[in-house]
*Asks:* 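Have a look at this one.
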Amino acid sequence: MPRILIEETLRRLDDGINPLIVKLPTGYGKTSITLCAGLACRETGVNWLRVIHVLPMRSIVDDIELRLSNYMQKLGSAKVRVYKQHMGSPMSPFYCGRGIIVTTLDTFMMNLFKVPASEFRKLIELGYSHYDIPRANIYSSTVVLDEFHLLSNIRSLDDELKSLASSLAAVRVLCEAGVPLVISTATLPEVLVEAIRSILKRAGIEIDEQNVLMWGDLKDSVFEGSVRSKRISLGIISEHEIVKLLKENFGKKILIVMNKVERATKLFREIHQIVGLRSQAILLHGRLREDIKKERVKEIDDAQLVVATQVIEAGVDKSFDVLITDPCPLDRFIQRAGRIARSAESKEGSIYVMELVDDEPYSGVYSEELTKDSVKVLEKLSGETFEKLEFEEILVREMEQVYGRYVDPDSIIPHTRLKVLNELDEQPLLGRNEARNAIIRLEGFTDSFGIVTVFDASEISKSFSYEFCVGVSEDTAKRLLESERMVLIREKLKKKDSSEYIEEVKTDLEGFKLVRLKGNIIKKLLSSREPLTISLLKYGVEGLAVEKIDPIEGLI
């Protein structure tokens, strides 16, 4: 059925209202904005050649690309192609494709701010790139910044907020250039809207009520009727009650969301030992090999139990009957709750939040203040049953109050980073050298910049593929580098004096060598002030390697 607020979004897009901030409920079908805009790009009179759909995580990119491709196939629209573009999937490296390009925030920001993601190695190692090509393609597109609350990443008040700086800078430069921009999410705190308004006001762009479309601005009785028939119950439980709940809800589709990979893996292992369900249970997190992660996402529909981290929060259009979740800020909780009773057939669902005994579940992941205040809200609602839409509306109102207490719109804006990024975009004389220096000095344009690739040596030795790898944080990468000392070096770009730092060549691959490094170069890499990603590139290192990545649990 047509969605009234989606139709209104498209009307305003056609009318040139820019930017459009779209705040609609979970499950409303916001992805159809991209679908319709993509179909329109082949029509005459439309002022964009493609739609670039930007998402926070690679796993979501894979799922959205598959869904959009399936929609296009059902519609019989062979002219509009869907591309997937990130470091592991170069379908349209310079965003040249006509149609829809689904991409990650990291890739988009690098392409926008003169560091082409597909030529990042060349820029660092050889000092050249073709940055004008992706920038020209971005400026002739419509851009959709999806799940903006995740893109901007204000989960921890102590973070550097690299992603927020890049997101706000992108909003400003795109709007100044007249690029049609849609900012889409179900849970965008008003403090972020105010931050966007403040940034644009300095550029002489005013945001009024036409720029913001929210649930309630127009009545959608069809969607409202379908969702209000669903009932959601909420309860607070202790961690040791999980197994009991699994047994009580046997036969239902259950989703368990943990804040950390280690917690998710530990719980998954315990469930297997106590309850079983091995053939019906799925573990999903960011440290699974890419090939296995893709298969797990496809298998969700047939799984009775899914134990996951935040990768399930947004973009993955799956429905469950029961949610058991770690404590988290309300904007994240709303996304997790949105996976419950999501399908048209589902009429009721149960949500259980683990009580906050200590800071172990969220420490190092979310802000203590935001998490504790969010849990207090959920404790007050515990024991009640709500209509699904009413429940989300209550949570959104409470979310605004929680964020309003701790987050000041102006104080969260990383002004120094914004200045650097704005100057990179505005000054034509600032080219590849200045962009290279900026990404090194700022240690990346987004919070995920320091991710280091780790290959499964047992798999790539048989058949090399970028599917046999995972991405890890810089701290984790340093520990692996110190303990394993194995890396993958590119033959064409490795240093001529590589014998000075290679202790052993373990395997010759096509275009690569799997080698063990000497201790002296390990010390040099670990003590460098540069991001490890940059230091590795200077030695022609494609990524780290471990003997084997567990196919069930991933890299722990």
Side-chain angles (χ1 to χ4, degrees), residues 34 50-66 68 81-97 99-124 129-148 150-153 162-171 173-174 179 181 286 290 293-294 311 314-315 421 424-425 432 435-436 438-440 442-453 466-467 469-471 473 531 533-534 537 542-543:
T34 293
R50 66 193 60 78
V51 180
I52 302 176
H53 190 105
V54 184
L55 289 156
M57 291 177 279
R58 185 183 297 185
S59 56
I60 302 178
V61 169
D62 295 335
D63 187 66
I64 293 291
E65 182 267 336
L66 180 62
L68 288 171
R81 186 178 174 187
V82 182
Y83 303 85
K84 178 174 61 177
Q85 179 59 42
H86 52 65
M87 290 294 195
S89 179
M91 291 176 67
S92 182
F94 291 100
Y95 292 164
C96 296
I100 298 173
I101 299 172
V102 189
T103 191
T104 58
L105 178 71
D106 201 28
T107 299
F108 180 77
M109 294 306 171
M110 290 172 73
N111 282 343
L112 179 59
F113 294 112
K114 302 183 179 179
V115 183
S118 61
E119 293 187 332
F120 181 51
R121 296 183 187 93
K122 291 181 181 178
L123 181 61
I124 297 300
S129 68
H130 303 84
Y131 63 82
D132 281 333
I133 300 174
R135 279 169 57 79
N137 289 325
I138 289 172
Y139 281 119
S140 57
S141 305
T142 283
V143 176
V144 178
L145 298 180
D146 197 7
E147 305 298 351
F148 192 84
L150 294 176
L151 292 178
S152 54
N153 201 17
K162 297 179 190 177
S163 294
L164 177 61
S166 293
S167 299
L168 292 176
V171 168
V173 301
L174 294 174
V179 176
L181 174 65
E290 289 298 317
K293 194 188 305 177
K294 290 177 183 177
V311 298
L421 295 175
L424 269 178
D425 176 79
R432 57 179 179 263
R436 178 180 182 271
I439 200 168
I440 293 174
L442 297 176
E443 297 186 357
F445 296 153
T446 63
D447 298 303
S448 61
F449 172 76
I451 299 298
V452 177
T453 301
Y466 288 96
E467 294 286 280
C469 69
V470 303
S473 68
T533 303
I534 302 295
L537 285 177
E542 185 76 3

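The figures that follow rest on heavy atoms only: side chains count, while hydrogens, waters and symmetry mates do not.
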*Asks:* Take I439 and M110 through the side-chain contact (heavy atoms from CB on, under 4.5 Å) test and state the conclusion after the steps.
*Replies:* CA-CA 9 Å; I439 200 168; M110 290 172 73; 4.3 Å; yes
*Asks:* Can you measure from CG (L145) to CG (L174) and round to the nearest 0.5 angstrom?
*Replies:*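 Those atoms lie 7.0 Å apart.
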*Asks:* For the residue pair S166 and L421, establish whether any side-chain heavy-atom pair is separated by less than 4.5 Å.
*Replies:*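 Yes, at least one pair of side-chain atoms sits under 4.5 Å.
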*Asks:* One pair to check against side-chain contact (heavy atoms from CB on, under 4.5 Å): F94 and E119. What are the steps and the verdict?
*Replies:* CA-CA 10 Å; F94 291 100; E119 293 187 332; 3.6 Å; yes
*Asks:* So which of R432, H130, K114 actually passes side chain to side chain contact (heavy atoms under 4.5 Å, CB included) with L123?
*Replies:*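 Testing L123 for a side chain to side chain contact (heavy atoms under 4.5 Å, CB included) against R432, H130, K114 leaves exactly one candidate, R432.
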*Asks:* Looking only at non-hydrogen atoms, find the nearest pair between I101 and C96 and report the distance.
*Replies:*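 Distance-wise, the nearest heavy atoms are CD1-N, 4.5 Å.
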*Asks:* Using a 3.5 Å distance criterion without hydrogens, assess whether the side chain of T453 forms a donor-acceptor pair with backbone atoms of G543.
*Replies:*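 Checking the backbone N and O of G543 against the side chain of T453, no donor-acceptor pair under 3.5 Å is found.
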*Asks:* Measure from the side-chain N and O atoms of K293 to the backbone N and O of V470, and report whether any donor-acceptor pair falls under 3.5 Å.
*Replies:*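 Answer holds: no.
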*Asks:* Is there a side-chain contact between Y83 and I52 in this structure, where contact means two heavy atoms from C-beta onward sitting under 4.5 Å apart?
*Replies:*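 In short, these two side chains do not touch, never coming nearer than 4.5 Å.
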*Asks:* Applying side-chain contact (heavy atoms from CB on, under 4.5 Å) to R436 and V115, what does each step give before you reach the verdict?
*Replies:* CA-CA 7 Å; R436 178 180 182 271; V115 183; over 6 Å; no
*Asks:* Taking all non-hydrogen atoms of both residues, which atom of F113 and which atom of A169 are closest, and how far apart?
*Replies:* CZ-CB, 3.8 Å
*Asks:* Counting N and O atoms only, with roles assigned by atom type, does the side chain of R50 sit under 3.5 Å from a partner on the main chain of G99, one being a donor and the other an acceptor?
*Replies:* no
*Asks:* Please find the pair of heavy atoms, one from F108 and one from A170, that lie closest to each other, and give the distance.
*Replies:*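 For F108 versus A170, the nearest heavy atoms are CE2-CB, 4.4 Å.
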*Asks:* For a quick test of reading the model, state the closest non-hydrogen atom pair linking D106 to T446 and the distance between them.
*Replies:* OD1-OG1, 2.7 Å
*Asks:* Examine distances only and state if a side-chain atom of N137 and a backbone atom of I133 form a donor-acceptor pair shorter than 3.5 Å.
*Replies:* yes
*Asks:* Could you walk me through whether Y95 and L112 pass side-chain contact (heavy atoms from CB on, under 4.5 Å), step by step?
*Replies:* CA-CA 11 Å; Y95 292 164; L112 179 59; over 6 Å; no
*Asks:* So, for V311 and G286, which heavy atoms are closest and what is the spacing to 0.1 Å?
*Replies:*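 In this case the closest contact between V311 and G286 is CG1-N, 4.1 Å.
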*Asks:* Find out whether I534 and F120 are in side-chain contact, i.e. whether some heavy atom of one side chain is under 4.5 Å from a heavy atom of the other.
*Replies:* yes
*Asks:* What's the spacing between R81 CZ and L68 CG if we round to 0.5 Å?
*Replies:* 14.0 Å
*Asks:* Would you indicate whether the side-chain heavy atoms of D425 and R135 approach each other to under 4.5 Å?
*Replies:* yes
*Asks:* How long is the gap from CZ on R121 to OG1 on T533, to the nearest 0.5 Å?
*Replies:*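 With rounding to 0.5 Å, CZ (R121) is 11.0 Å from OG1 (T533).
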*Asks:* Closest approach of N111 and A117, non-hydrogen atoms and distance?
*Replies:* OD1-N, 2.9 Å
